[in-house]
There are 2 protein chains.
Amino acid sequence: METQAPETPGELQRRILADYKNLSKRLQQIAQFAVDHPNDMALETTATIAERAGVQPSAIIRFAKAFGYSGFSELQRVYQTRLAESASSYSERLRRLRRDEENATESVTPQGVLRQFCQANRISLEHLAADIAPATLERAAQCLAGAQRIYLCGQRRSFPVVAYMAYALGQIDADAVLLDGLGGMLGQQAVRMNAADVLFAVSFHPYAEETADVIRRADEHNVPIVVLTDSPLSPVAAHATVCLEIHDAELHNFRSLTASMCLAQALTVSVGLALGRGDAESDNG
Amino acid sequence: METQAPETPGELQRRILADYKNLSKRLQQIAQFAVDHPNDMALETTATIAERAGVQPSAIIRFAKAFGYSGFSELQRVYQTRLAESASSYSERLRRLRRDEENATESVTPQGVLRQFCQANRISLEHLAADIAPATLERAAQCLAGAQRIYLCGQRRSFPVVAYMAYALGQIDADAVLLDGLGGMLGQQAVRMNAADVLFAVSFHPYAEETADVIRRADEHNVPIVVLTDSPLSPVAAHATVCLEIHDAELHNFRSLTASMCLAQALTVSVGLALGRGDAESDNG
DNA sequence: GGGCGAATAAAATTTCTATTCCAACCAGGG
DNA sequence: CCCTGGTTGGAATAGAAATTTTATTCGCCC
């Protein structure tokens with residue numbers, strides 16, 4: 001009632017421990033339970049919590065109010081953020097970052113923008129390393145390394161990713177062909193794919209029609225397909241032999257490519273290592 | 001209704017993906033949202049979820065029933081367990097990640113390589129934010145924003161960077177031309193540059209001859225030049241009006257592009273903000 | 001193009017939950 | 001022993017949320 005209610009999980013935890021000895025017997029009992037079962041506090045109803053803690057529902061309300069909240073719901077909100085943040089906080093963190101920084105005055109200066117992007121991209125790289133399933137990545141690398149020729153396809157925003165791979169795979173003497181659709185001849189370029197090859201396709205949200213076409217064609221000819229996309233439900237994922245899911249940061253309505261590029265690079269190097277020409281040349285330009 | 005309702009988060013995820021194509025349009029929309037925002041599914045109310053997903057609350061119920069649950073609450077319970085479980089395993093994942101890093105043998109597996117790249121790139125992003133002089137960045141942004149037309153030039157490893165910029169600048173309706181040297185006509189494309197335009201050139205170590213040529217030509221015609229390169233002593237830096245120096249990470253003899261891409265993106269957004277069309281569109285592909 | 005059935009939206013209903021309130025309770029001091 | 005401060009338990013209440021019901025729309029087949 002009297003003091004300000006903690007708004008972050010950490011603050012709350014500290015407050016509970018500090019005020020513990022000043023609480024009444026029943027409230028101490030609840031504090032104990034809250035510290036021991038934060039998940040229950042976040043997910044269960046007052047009735048359930050009351051039962052599990054062996055108290056009356058109204059005592060739960062009193063507990064919340066004792067820490068300055070208007071009611072239990074407000075307290076529960078704090079426990080929920082704790083849970084959401086600690087879980088797969090990725091998009092949550094990015095969203096918060098965006099909210100925090102977009103209204104800061106410096107966010108419109110170039111260096112402010114740069115700092116935001118650096119920060120956001122660092123977070124997305126952090127998660128990239130943890131989120132990609134090793135087995136999936138392994139299969140993707142093997143798929144590419146075992147192919148006679150690697151066809152690369154990506155339009156619009158995805159194009160830089162495959163452009164980079166075309167270059168990098170060339171550096172390790174892999175037989176890579178970039179399907180660039182130059183002169184409207186994407187179909188012509190793609191028609192030679194066969195089952196001994198592999199198609200590496202990159203496609204993000206609005207999912208360019210051309211890429212979908214190439215994938216469909218590859219699927220019809222039993223060409224293995226490695227896909228890099230942003231959702232397992234994306235139309236391109238359906239035909240994938242191996243599907244790599246990636247979530248790049250988005251800021252100022254621009255989606256980044258950092259994580260995608262990083263993954264592309266790691267894949268290329270892995271293919272190189274598999275082919276025994278990983279750390280080959282001295283330089284690349 | 002007909003089949004058994006999934007009781008574990010993993011099962012549920014698989015069921016959603018498998019049945020996706022059999023669902024009605026609205027239900028697909030919800031499935032999409034559920035896959036993308038599991039936290040919301042666990043913590044928010046039907047009304048809130050409905051609003052965020054852009055559907056009616058009753059549609060959420062139908063969604064739950066479509067997977068065999070008696071109602072939404074039962075479905076939500078599953079998402080809650082997912083959240084609760086991942087909360088406890090998060091620190092576990094971090095610990096594993098750290099432990100693995102000390103393990104040198106893993107560095108040749110794809111996930112080991114990926115982790116190294118993520119780590120290295122995160123460090124380079126950290127430095128990027130600190131190393132770039134705000135004034136230089138500001139001048140670069142103004143230079144680009146004030147130009148009638150932006151010519152983009154980058155070969156080999158630098159190409160993905162300018163390819164991305166060509167795309168991104170197009171998104172904000174800037175007049176950008178990618179000098180891709182297609183059909184050996186790089187000279188033809190470059191000849192129209194004049195003093196009201198600007199040339200944005202990217203060039204790294206062995207410094208492609210074509211890029212140097214374009215820069216030389218631009219300089220002769222008094223075209224302002226913004227250069228992104230890896231050394232102030234590089235041959236391309238000499239002619240630069242504004243010179244941005246960048247140091248991407250290098251691993252396994254492959255130089256990354258992460259920092260360059262990040263800078264390119266920050267620049268593009270800054271140009272957009274300067275032109276007053278920064279956060280324009282809803283989406284970009 | 002008109003009628004049929006499924007899918008959806010909107011309103012109405014029911015269920016459940018947080019919260020309030022007050023009587024009973026307990027401890028300590030007169 | 002009884003009053004007095006705070007504390008507790010549990011019924012009552014107000015409100016919100018899930019669910020059901022009812023119209024309406026949409027898409028498809030004849």
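Hydrogens, waters and symmetry mates are skipped; everything else that's a heavy atom, side chains included, is used. Note on naming: letters A, B, ... go to the chains in the order of the sequence lines (proteins, then strands), and numbering restarts at 1 for each one.
- In the set C/dT17, D/dT19, C/dT20, C/dT17 carries the atom at the smallest distance from any side-chain atom of A/T45.
- OP1 or OP2 of C/dT8 sits under 4.0 Å from a side-chain N or O of B/R62.
- With sequence neighbours excluded, the residues forming a side chain to side chain contact (heavy atoms under 4.5 Å, CB included) with B/R26 are B/S24, B/Q29, B/V55, listed by chain and number.
- In this structure, B/K25 and B/G71 both approach DNA chain D, and ranking their closest nucleotides by distance from the 5' end singles out B/G71.
- One can place OH of A/Y69 at 17 Å from P of C/dT20, the figure rounded to the nearest angstrom.
- What separates CG of A/L27 from C1' of D/dG9 is a distance of 14 Å, to the nearest Å.
- Atom CD in B/Q28 sits roughly 19 Å away from atom P in C/dA6 (whole-Å rounding).
- Mapping B/Q56 and A/P57 onto DNA chain C by nearest heavy atom places B/Q56 closer to the 5' end of the strand.
- In this structure, A/F63 atom CZ and D/dT7 atom C1' are separated by 16 Å, rounded to whole Å.
- The residues B/R115 and A/E126 are annotated as not salt-bridged, no charged nitrogen and carboxylate oxygen being separated by less than 4.0 angstrom.
- When rounded to the nearest whole Å, the span between CD of B/E74 and P of C/dC16 equals 13 Å.
- Atom C1' of nucleotide D/dA17 and atom CD1 of B/I49 are separated by 12 Å, given to the nearest angstrom.
- A donor-acceptor pair shorter than 3.5 Å cannot be found between the side chains of A/S124 and A/D248.
- Between D/dT19, C/dT19, D/dT7, one nucleotide has an atom nearer to the side chain of A/S24 than all others, and that is D/dT7.
- Of the candidates C/dT8, C/dT19, D/dG9, D/dG9 carries the atom nearest the A/R26 side chain, counting heavy atoms from C-beta on.
- Rounded to an integer number of Å, the gap from B/E51 CD to C/dA10 P is 13 Å.
- Here the P atom of nucleotide D/dT8 and the CD1 atom of A/I60 are 12 Å apart, to the nearest Å.
- Look at B/K65 and you won't find any side-chain N or O under 4.0 angstrom from OP1 or OP2 of C/dA7.
- A sub-4.0 Å separation between OP1 or OP2 of C/dA10 and a side-chain N or O of B/S58 is absent.
- Identified under the salt bridge (charged side-chain N to carboxylate O under 4.0 Å, His left out) test for residues 227-242 of chain A, with sequence neighbours left out: none.
- In this model, the phosphate group of D/dT19 is approached by a side-chain N or O of B/S73 to a distance below 4.0 Å at OP1 or OP2.
- Taking a cutoff of 4.0 Å between a charged side-chain nitrogen and a carboxylate oxygen, A/E209 and A/R216 qualify as a salt bridge.
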